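Take a look at the structure below.
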Amino acid sequence: MLVLAGAGTGKTRVLTTRIAHILATRRAYPSQILAVTFTNKAAREMKNRIGHLVGGEVEGMPWLGTFHSIGVKILRRHAELVGLKSNFTILDTDDQIRLIKQLIQAENLDDKRWPARSFANLMDGWKNKGLTPDQVPEGDARAFANGRGRELYKAYQARLTSLNAADFGDLLMHPIAIFRDHPDVLADYHRRFRYILVDEYQDTNVAQYLWLRLLAQSSDARRAVGQEGVNVCCVGDDDQSIYGWRGAEVDNILRFERDFPGATVIRLERNYRSTAHILGAAAGLISNNEDRLGKTLFTDLRDADDEKVSVSAGWDSEEEARAIGEEIEQLQRKGCKLNDMAILVRASFQMREFEDRFVTLGLNYRVIGGPRFYERQEIRDALAYFRCVCQPADDLAFERIVNTPKRGLGDAALQMLHTFARREQLPLLAAAGLIVQGDELKPRPRSALADVARNFTRWRDQLSNMRHTDLAEMILEESGYTEMWQADRSAEAPGRLENLKELVRSMDDYDSMPAFLEHIALVMDAEQNSETDAVSIMTLHSAKGLEFETVFLPGWEEGLFPHQRSLDEGGRSGLEEERRLAYVGLTRGKRRVKIWFVSNRRIHGMWQSTIPSRFLDELPEAHVDVLEPSTSYGGYGAGGMGGYGASRWDANAFSTSSYQTPGWRRAQASQGGETYRGGRGQGISYGEEGIQSGSRARAAATADKYISRDGVNAGDPSGARGGFAGRMEAPVEANRSRGTNQPPRKGAGLYSSARAGGPREIEGQLVAKSVQDEVSRFKIGDRAFHMKFGHGTVTTVEGNKVTVDFDKAGEKRVLDGFLETGN
DNA sequence: AAGTCCCAAATTTTT
DNA sequence: TTTGGGACTT
């Protein structure tokens, strides 16, 4: 059975109820049910909910977990079949990268030209596809390391085996190999499982699909125990597939009926979460996708008071953060809980602006996602110490901390140790204990290394004598690790010490140090406390599965959302994935969704002008309210915005004389010429023809649409195209052509006068990213005029980047193209 | 071996 | 603008 469950239709409930039903009707024992999820969080929640339904006792479901945790379980039982011992260690990404780096260097390859990171990603991709070294297509294998990609992959796997380690990919790859090569083992699992349930099926990758198919296939083993076949039930939503970039194959879900002939397909389309307006907006948007199975959400909840989805425009990202902050405070005054509000961003760099603003406002917020607790440097270091104690052969952990804190053990000494260890066929830690007895090393490193080796021996002896939490504390203390951070005067140091304490505290929940390590290798997340009332800030990706009364969606601009890179790399399907992401964002809202876009955003420290996202165009008008800038602006009171005054909007590119709803259309049209700069600003490679023509076509389409609809010539689309075609033109030309649809003089005049009167400096500057080989018309000492900063004197010129000491705004670095000769 | 400076690069993220 | 890594210097 395939359950296509739209957003908010009760997907998890279907799974949990089904399992509870199977148990209650005694169709199977808990141990005969295989239930897989993607995240530990989902697995945990499912366990809890089944527990509630069945009435306690959930421990009896040994096969409910993530793909990876079940993979580990299987692999531990049959490790020897793939050349591992059952106590193998699981590598994290850090270890993986360091190992690859060593291999690249061992192969005498230039590790700058072939970064370990890239290879890790590449190999990850192969493993996601279930490809062993021999199965990697020739072309793919050749693309890395001067054609030695395959050899490198092989060498990596060999090294893992000798280290008795597996990476995350292997947790799926090895079980697949075991099932394939050992029918007796597979038969065992066939006899065991009567029901297989899969959550978020649209997110499965090829490897996971193969894994499932092996387990689900019919077999003699099953028939022998009187089973006709296994019952497979997958739940998912093709419209919420947003992980294509990490190997998810939407095709798995689209193909389900072919994979399982005769399967029942059920669509859940009744939404219990959002208002009709939100659903209408989301439905309109997603209907622009071609690759989908097609579902239309509806709701029985109807209320005349429901708010439409709102779209607001802002001048720059600072203002966006400021205005959203105001809105949040306003809602709070009306009695809304901060816990019921969330800001969902496309990229994590957007978060900072909100954090900064909320700190000033004293508004509680929490960032969800980001670097996880167990991924922090200090935690990984501490864990490496613990790993060395529990698993003395864990060379990667040893390498990580052998000179942390600094002990005077540099490259030369470690090189010596490595050679020695290889010769003696010993793990590094054991080798360290021996090498210090000889005279290979210089006195200083020798005694340092001797200390390290002696310490680890001593700690290891305490493993069975002391409470593991006390031992952990002792290790961190005696190794000098705590001291290292205490001596560190950087801003993060106190937080890191706090994290270390928290780590030791959390060990208390486990019986022993090894048990703790086994757990955290797989569960890399730490529970967030939801006790304090706070606004959530997170990426759209991490918002999947959550819901909030009020959702803010900032940054709906071309290049950011849809993200330029998705478009460049993924083409149409990339765009469709971005659209699904937008769909996910909208459908997180229960009562209220507020979208924002701005015309200037700082990217990599440079201000860029942006145009509204095409997704805004795709929202049906019936469900959307476009907030006039004056409306949203006036709402905060004349003084509320720090005295900018309404004239500020006059400088705004999209609020020229006849700004009318639907505003974004006009905005897009009137900025048609801007597409040129936006595109170039994002650093598109013009060498790739497809991208260039794609963008060009869109720029034209947008402008044409506007013209045909309103009969007003708001811009010169041919000018926009000219801009694209003539890519080597100096930016100033682009700027001039833009002048036809936008009066920069007028804007500048009003703007600078407003600014002169205002109490606060305006940081924004219109700067597009540079094109390296261009040279400025300006030289040091020239007078220049900038539409946002006014007049000033040129102080430095680097290519087409000019630093100007503005009379009023101070020194700023801007692009030549945004300057005019001044006086 | 450790500290300093400069350059290139900068989505999304789980296990 | 920020960051990390690598080359360079102390």
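Naming convention: chains lettered A, B, ... in sequence-line order (proteins, then strands); numbering from 1 in each chain. This one's a predicted model, so the numbers in the text were calculated from it and none came from an experiment.
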[atom1] of [X] versus [atom2] of [N]: gap in Å, rounded?
{"X": "A/Asp94", "N": "B/dT15", "atom1": "CG", "atom2": "C1'", "result": "14 Å"}
{"X": "A/Met538", "N": "B/dT12", "atom1": "CE", "atom2": "C1'", "result": "15 Å"}
{"X": "A/Glu200", "N": "B/dT13", "atom1": "CD", "atom2": "P", "result": "16 Å"}
{"X": "A/Asp167", "N": "B/dT13", "atom1": "CG", "atom2": "P", "result": "21 Å"}
{"X": "A/Lys406", "N": "B/dG3", "atom1": "NZ", "atom2": "P", "result": "6 Å"}
{"X": "A/Gln415", "N": "B/dA1", "atom1": "CD", "atom2": "P", "result": "11 Å"}
{"X": "A/Leu553", "N": "B/dT12", "atom1": "CG", "atom2": "C1'", "result": "15 Å"}
{"X": "A/Arg98", "N": "C/dG5", "atom1": "CZ", "atom2": "C1'", "result": "15 Å"}

Upstream residue (5' side of DNA chain B) when A/Glu577 and A/Leu414 are each assigned their closest nucleotide: A/Leu414
Start at the 5' end of DNA chain B and walk down; is the nucleotide closest to A/Gly408 or to A/Gly169 reached first? A/Gly408
May I ask you to say what [X] touches in the nucleic acid, namely base, sugar-phosphate or nothing, with a heavy-atom cut-off under 4.0 Å?
{"X": "A/Glu578", "value": "base"}
{"X": "A/Arg346", "value": "base"}
{"X": "A/Arg352", "value": "sugar-phosphate"}
{"X": "A/Asp203", "value": "nothing"}

Are [X] and [N] close enough that a side-chain N or O sits under 4.0 Å from OP1 or OP2?
{"X": "A/Lys101", "N": "C/dG6", "answer": "yes"}
{"X": "A/Thr539", "N": "B/dT13", "answer": "yes"}
{"X": "A/Asn403", "N": "B/dA1", "answer": "no"}
{"X": "A/Ser348", "N": "B/dT12", "answer": "yes"}

May I ask you to check whether [Y] and [X] place their ring centres under 6.0 Å from each other?
{"X": "A/Phe67", "Y": "A/Trp211", "value": "yes"}
{"X": "A/Phe552", "Y": "A/Trp596", "value": "no"}
{"X": "A/Trp245", "Y": "A/Tyr243", "value": "yes"}

Taking the side chain of [X] as heavy atoms from C-beta outward, which of [options] is closest to it?
{"X": "A/Ala412", "options": "B/dA1, B/dT11, B/dT15", "value": "B/dA1"}
{"X": "A/His68", "options": "B/dT15, B/dT13, B/dT11", "value": "B/dT15"}
{"X": "A/Thr39", "options": "B/dT15, B/dT13, B/dT11", "value": "B/dT15"}
{"X": "A/Glu569", "options": "B/dA1, B/dT11, B/dT13", "value": "B/dT11"}
{"X": "A/Thr66", "options": "B/dA1, B/dT12, B/dT15", "value": "B/dT15"}

Does the side-chain ring of A/His604 sit on the six-membered ring of the B/dA9 base, less than 5.5 Å centre to centre and under 30° in tilt? no
With the criterion set at under 5.5 Å between ring centres and under 30 degrees between planes, would B/dT11 be stacked on A/Trp245? no
Could you check whether the rings of A/Phe561 and A/Trp556 sit parallel, tilted or perpendicular, using 30° and 60° as the cut-offs?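 Taking A/Trp556 first and then A/Phe561, their aromatic rings stand perpendicular (interplane angle over 60°).
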Under 3.5 Å: donor-acceptor pair, side chain of A/Glu576, backbone of A/Asp291: yes
I want to check a possible cation-pi pair here: A/Arg579 against A/Phe615, using under 6.0 Å from ring centre and within 45° of the ring axis as the test. no
